[in-house]
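Notes follow once the structure below has been shown.
Residue numbers start from 1 in every chain, and the chains themselves are labelled A, B, ... in the order their sequence lines are given, proteins ahead of strands. Reckoned from all heavy atoms, side chains included, excluding hydrogens, waters and symmetry mates.
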Amino acid sequence: MSYTLTTPLYYVNDRPHLGSTYTTLACDAIARFQRLNGQAVTFITGCDEHGLKIMRTAEAAGLTPQAHCDAISERYRDLWNRWQISNDRFVRTSDPRHHQVVEQFFARVEASGDVIEGRQQGWYCVACEEFKDDPHESDDPECAIHRRPLEWRDEVNLFFRLSRYQQQIEALVAQEGFIAPASRRREVQNFVAGGLKDFSISRVDLPWGIPVPGHPGHTFYVWFDALLGYLSALLKPGQPVELEALLHQGWPAQLHVIGKDILRFHAVFWPAMLLSAGLELPRTVFGHGFLTREGQKMGKSLGNVLDPELLLDRCGRDAVRWYLLRDIPFGDDGDFQQQRFSDLVNNDLANTIGNLLNRTSSMARKWFEGAVPPAGAAALADHPLALAALAAAERFQQAMAILEFRTAAESVLQLAIGANGFLNDNAPWKRMKTTGEEGRVGEDLYAVLETSRWVGLLLAPLLPDLSSRLLEQLAQAPIDSSSNPLASPTPWQQALRWGALSPGLTLPEPMPVMQRLELDGPL
RNA sequence: GGCUCGGUAGCUCAGCUGGUUAGAGCGUGGGAUUCAUAACCCCAAGGUCGGGAGUUCAAGUCUCCCCCGAGCCA
């Protein structure tokens with residue numbers, strides 16, 4: 001059982017932004033979920049470091065391209081560490097071993113007869129690293145996306161014969177589940193139906209790139225080389241570079257998670273390259289949406305960029321993860337709204353989930369000698385909260401499996417809401433005043449404590465930190481979702497059994513597991 | 001210009017193959033309560049389901065036209 005998933009390899013043109021953080025957090029939740037369910041996960045992320053744009057950015061900063069890439073990629077690595085991203089690999093395309101992978105891959109593609117020489121003529125946007133098909137203006141065309149002047153190119157390049165794969169790609173793209181969410185499939189299908197054209201895979205006079213073997217003066221086009229990073233990432237430290245070996249250690253990838261803007265590269269060009277090289281295709285390409293902020297696009301010109309480092313420092317991992325995963329439909333565009341952000345975090349995490357445990361633990365400690373009360377009938381599988389917990393877990397599993405984080409989060413939240421309601425209905429604080437009712441009170445408290453344990457468990461892939469704190473308050477070991485499982489069923493799966501909380505267990509002093517977010521002023 | 005995806009309560013969204021009084025969360029207003037992180041629980045407020053026409057016994061849910069937003073291709 002092996003599950004490989006990837007984030008895009010982030011282009012090191014600039015420091016990490018919220019978009020890449022969003023993608024990476026989502027992948028992290030998926031990776032953790034898969035591990036908890038027994039999969040041996042290889043979670044890949046990394047940086048894409050070649051190309052003219054990088055070279056110029058480095059130049060402008062007075063650095064060599066390598067020094068620039070070292071610095072930026074380090075920021076990514078550092079940021080992911082601080083977010084506690086559980087990636088297994090961090091690949092860099094300037095790594096010498098990646099060069100070897102690219103060379104071997106190219107040799108296969110060339111052997112398939114898919115590399116030809118061609119003349120590339122047209123307007124080029126350095127920021128996109130793409131030729132623009134047909135800019136209207138004749139004199140000084142601009143890139144519509146970057147609003148920067150296009151550069152005229154006329155050079156002899158190597159081309160990949162994408163056109164030969166027309167039928168195979170058409171079939172692939174039409175396949176249920178290959179492109180997700182399904183709403184994005186049409187767009188790609190239309191593009192493919194328009195006829196695939198060979199695309200250039202090399203550049204001349206671009207020193208910051210991987211030299212094309214047998215073609216002096218040519219370096220590989222960034223995208224050709226960057227996509228292959230997914231393969232390089234599978235190499236183990238010190239392992240000799242051999243493409244064939246990767247087939248036994250994680251390839252094909254189960255899932256590429258990307259932003260919707262690069263869907264075409266992943267769903268069309270990449271599979272064709274793999275077909276040409278005789279390698280298996282990834283199972284799913286998921287193109288998620290973009291984040292806006294208070295209804296506006298984030299951008300330097302607007303000065304409204306939300307910095308992930310600042311967000312982390314001021315709000316913490318749990319809050320941001322919860323908001324992004326629980327409130328923004330994964331796949332669609334989403335809007336970051338600060339008011340809603342703090343409302344949701346405070347309501348869901350602090351008030352509903354945190355306070356549930358806090359109030360129950362307090363009562364148990366006060367009336368049952370600081371310990372988990374005797375379970376009695378509450379340990380039975382037909383207890384209303386047992387049924388609720390089971391139903392929530394099922395819904396959670398189903399939703400996570402199809403990347404519907406919102407539904408998954410919602411199911412956990414509903415479980416906690418139900419438990420709060422249960423407490424109010426049974427009012428143990430009232431009952432406690434009547435003699436002879438302790439047994440019943442104990443059962444009710446046990447049921448809610450047990451429910452809280454389930455909440456803590458289910459939260460593990462989404463909010464590993466909060467999950468640990470929740471479990472700690474229940475004297476339970478934290479759940480490790482960052483390393484691959486050794487046993488089957490996994491400890492997590494084993495823990496998801498109603499009644500596993502031991503009566504008599506000493507409860508630690510209640511401490512709020514989630515601080516309310518008090519943001520004065522905009523982030 | 002062609003195509004794709006959206007337009008449902010103040011906000012973010014659910015509403016499967018058409019069928020009882022259109023739902024949830026947040027926000028707002030009221031009530032109840034004291035175990036708890038001024039938390040929790042209950043109740044309410046009514047949105048011509050973007051607009052128009054059509055199909056049907058019946059349409060938010062299908063068809064056509066139009067308007068608005070986002071995007072892809074030209």
*Any pair counted as side chain to side chain donor-acceptor pair (under 3.5 Å), so long as it reaches residues 369-388 of chain A, sequence neighbours left out*: none

*Qualifying side chain to side chain donor-acceptor pair (under 3.5 Å) pairs, either residue in residues 259-269 of chain A, two or more places apart*: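 Every side chain to side chain donor-acceptor pair (under 3.5 Å) pair that includes a residue of residues 259-269 of chain A, provided the two are not neighbours, is A:Tyr230-A:His266, A:Lys260-A:Asp333.
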
*How would RNA chain B look in dot-bracket form, 5' to 3', counting Watson-Crick and G-U wobble pairs with both distances under 3.5 Å and writing | for bases paired to another strand?*
(((((((..((((.....[...)))).((((.........)))).....(((((..]....)))))))))))).

Ion pair present between [X] and [Y], side-chain N to carboxylate O less than 4.0 angstrom?
X: A:Asp198; Y: A:Arg164; result: no
X: A:Arg365; Y: A:Glu509; result: no
X: A:Arg185; Y: A:Glu187; result: no

_Under the rule for salt bridge (charged side-chain N to carboxylate O under 4.0 Å, His left out), what residues qualify as partners of A:Arg203, not counting sequence neighbours?_
none

_Could you work out, with salt bridge (charged side-chain N to carboxylate O under 4.0 Å, His left out) as the rule, every residue matching A:Arg314, not counting sequence neighbours?_
none

_Rounded to whole Å, please give me the gap between CD in A:Glu518 and P in B:A38._
10 Å

Would you please say whether a donor-acceptor pair under 3.5 Å links the side chains of [X] and [Y]?
X: A:Gln473; Y: A:Asn358; value: no
X: A:Arg32; Y: A:Ser481; value: yes
X: A:Glu410; Y: A:Gln414; value: yes
X: A:Asn157; Y: A:Tyr221; value: no

Check: protein-nucleotides 13-15 of chain B nitrogen or oxygen pairs below 3.5 Å:
unit_1, atom_1, unit_2, atom_2, d
B:C13, O2', A:Arg406, NH1, 3.2
B:C13, O2', A:Arg406, NH2, 2.9

Considering every strand and a 4.0 Å limit on heavy-atom distances, what is the contact class for [X]: base, sugar-phosphate, or nothing?
X: A:Arg431; value: nothing
X: A:Gln337; value: sugar-phosphate
X: A:Arg264; value: sugar-phosphate

Between protein and nucleic acid, restricted to nucleotides 3-8 of chain B and to nitrogen or oxygen atoms under 3.5 Å apart, what atom pairs and distances do you find?
unit_1, atom_1, unit_2, atom_2, d
B:C3, O2', A:Asn190, ND2, 2.6

Using atom types as modelled, flag every donor-acceptor pair under 3.5 Å from a side chain in residues 460-472 of chain A to any protein atom, sequence neighbours excluded.
unit_1, atom_1, unit_2, atom_2, d
A:Asp465, OD2, A:Arg317, NE, 2.6
A:Asp465, OD2, A:Arg317, NH2, 3.0
A:Ser467, OG, A:Gly456, O, 2.7
A:Ser468, OG, A:Pro464, O, 3.1
A:Arg469, NH1, A:Val513, O, 2.1
A:Arg469, NH2, A:Asp318, OD2, 2.1

When you compare the protein's N or O atoms with those of nucleotides 26-30 of chain B, which come within less than 3.5 Å of each other, and at what distance?
unit_1, atom_1, unit_2, atom_2, d
B:C26, O3', A:Asn347, ND2, 3.0
B:C26, O2', A:Asp343, OD2, 3.3
B:G27, OP1, A:Asn347, ND2, 3.2

_Can you list everything that forms a ring pair (Phe, Tyr, Trp, His ring centres under 6.0 Å) with A:Phe178? Sequence neighbours excluded, please._
none

*How do A:Leu413 and A:Ile417 order along RNA chain B: which one's closest nucleotide is nearer the 5' end?*
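Its nearest nucleotide being more 5', the pick is A:Leu413.
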
_Quick test of your reading: applying salt bridge (charged side-chain N to carboxylate O under 4.0 Å, His left out), list the pairs with at least one residue in residues 411-432 of chain A, sequence neighbours left out, ordered by first then second residue._
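Output for this query lists A:Arg431-A:Glu437, A:Arg431-A:Asp444.
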
Nucleotide N/O to protein N/O under 3.5 Å, stretch nucleotides 34-37 of chain B:
unit_1, atom_1, unit_2, atom_2, d
B:C35, O3', A:Lys366, NZ, 3.4
B:C35, O2', A:Arg359, O, 3.2
B:C35, O2, A:Arg359, NE, 3.0
B:C35, N3, A:Arg359, NE, 3.3
B:C35, N3, A:Arg359, NH2, 2.6
B:C35, N4, A:Arg359, NH2, 3.2
B:A36, O3', A:Asn358, OD1, 2.9
B:A36, O2', A:Asn355, OD1, 2.5
B:A36, O2', A:Asn358, OD1, 2.9
B:A36, N3, A:Asn355, ND2, 3.1
B:A36, N3, A:Arg359, NE, 3.3
B:U37, N3, A:Met514, O, 2.8
B:U37, O4, A:Val513, N, 3.3
B:U37, O4, A:Met514, N, 3.2
B:U37, O4, A:Met514, O, 3.4

*At what distance, to the nearest 0.5 angstrom, does CZ of A:Phe159 lie from NZ of A:Lys197?*
11.0 Å

